[in-house]
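Read through the structure below, which is laid out as structure tokens, and then see the notes.
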Amino acid sequence: MISSFRTLRITASLLVLTSFVACSKKDAEPEYIGTSWTADGQETKTGGSTQVNTADIYLSINQAGVGSTITPGLYLIIPKRVGTYDLAVSSNGAQASYTSENHLFTSTSGTITVTTLTATALKGTFTFTGTDKFSTPSTTKTITNGKFNLQL
């Protein structure tokens, strides 16, 4: 009888401890849907429009601007298949550019990685350095921490 009370007490203690541990876990945050990146230490999170053809996916993100000023934005051409694409190699079809402060920075190095591609979803990462060949002297911009998670 004493051993059954001891077993009952131990079981009850374990149940209480388990409930505290279960309650202390945070629910996972919902996955961000959209596009995000960092330029000049400033993170941008936004949606984006996609256009899909037989070989490529065109991802365009333009932020609001005024007048004839080129507005900050991002443009990616992504091959329509899972994989990692070197932006220094023009033959693989991947391209990236960034517009800011009346500059157009075209990728000269970096990567685009497509991790998920289905009939309804596109997910992956990107990072690149772009050069504005039209400025004198030419200037560069580095885009880091790029992510896309979009519905097609």
Side-chain angles (χ1 to χ4, degrees), residues 13-152:
S13 297
L14 287 174
L15 286 173
V16 169
L17 180 61
T18 303
S19 67
F20 283 131
V21 171
C23 292
S24 68
K25 290 183 182 178
K26 291 183 179 181
D27 291 336
E29 289 186 32
E31 191 171 26
Y32 176 73
I33 304 293
T35 306
S36 64
W37 68 89
T38 301
D40 297 329
Q42 178 71 37
E43 182 182 31
T44 300
K45 284 187 170 186
T46 186
S49 64
T50 55
Q51 180 182 1
V52 180
N53 69 22
T54 56
D56 300 306
I57 300 168
Y58 300 89
L59 174 57
S60 178
I61 299 108
N62 293 311
Q63 297 174 310
V66 177
S68 62
T69 301
I70 295 176
T71 61
L74 185 76
Y75 187 70
L76 302 176
I77 299 176
I78 306 167
K80 195 175 171 185
R81 56 193 178 278
V82 172
T84 297
Y85 304 95
D86 185 346
L87 292 170
V89 178
S90 61
S91 63
N92 65 22
Q95 296 178 33
S97 60
Y98 178 77
T99 58
S100 175
E101 303 160 4
N102 293 325
H103 293 277
L104 172 61
F105 300 93
T106 305
S107 61
T108 53
S109 65
T111 58
I112 298 175
T113 300
V114 177
T115 57
T116 302
L117 178 61
T118 67
T120 60
L122 172 67
K123 188 175 182 180
T125 61
F126 60 93
T127 184
F128 67 93
T129 297
T131 301
D132 182 355
K133 297 174 184 169
F134 302 108
S135 64
T136 305
S138 65
T139 57
T140 61
K141 179 80 67 177
T142 300
I143 307 301
T144 59
N145 303 319
K147 297 176 187 172
F148 49 88
N149 184 7
L150 302 166
Q151 302 298 312
L152 296 179

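We're numbering straight along the sequence, starting at 1.
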How far does [atom1] of [X] sit from [atom2] of [Y], to the nearest 0.5 angstrom?
X	Y	atom1	atom2	answer
Ser49	Ile61	OG	CD1	7.5 Å
Thr127	Leu87	OG1	CG	9.0 Å
Asp86	Ser109	CG	OG	8.5 Å
His103	Thr140	NE2	OG1	11.0 Å
Ile77	Asn53	CD1	CG	9.5 Å
Leu150	Ile33	CG	CD1	8.0 Å

For the student: nearest non-hydrogen atoms of [X] and [Y], plus distance:
X	Y	answer
Glu43	Ser36	OE2-CB, 4.4 Å
Asp56	Gly93	OD1-O, 4.5 Å
Ile112	Ala94	CD1-CB, 4.3 Å
Ser100	Phe105	O-CE1, 4.1 Å
Leu104	Ser97	CD1-CB, 4.1 Å

Do [X] and [Y] have side chains that approach each other closer than 4.5 Å (heavy atoms only, starting at C-beta)?
X	Y	answer
Pro79	Val114	no
Leu122	Ile78	yes
Asp132	Lys141	no
Leu117	Ile57	yes

Has the side chain of Thr113 got a donor or acceptor atom that lies under 3.5 Å from a matching backbone atom of Thr125?
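Absent.
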Between Asp40 and Gln42, is there a donor-acceptor pair closer than 3.5 Å when you use the side chain of the first and the backbone of the second?
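Answer holds: no.
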Answer yes or no: are there more than 12 heavy-atom neighbours, outside Lys133 itself, under 6.0 Å from its atom NZ?
no
Not counting sequence neighbours, list each pair that qualifies as a ring pair (Phe, Tyr, Trp, His ring centres under 6.0 Å) and has a residue in residues 124-152.
none
Distance only, no hydrogens: is a donor on one side chain within 3.5 Å (strictly under) of an acceptor on the other, for Thr129 and Thr142?
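Yes, Thr142 and Thr129 have a side-chain donor paired with an acceptor closer than 3.5 Å.
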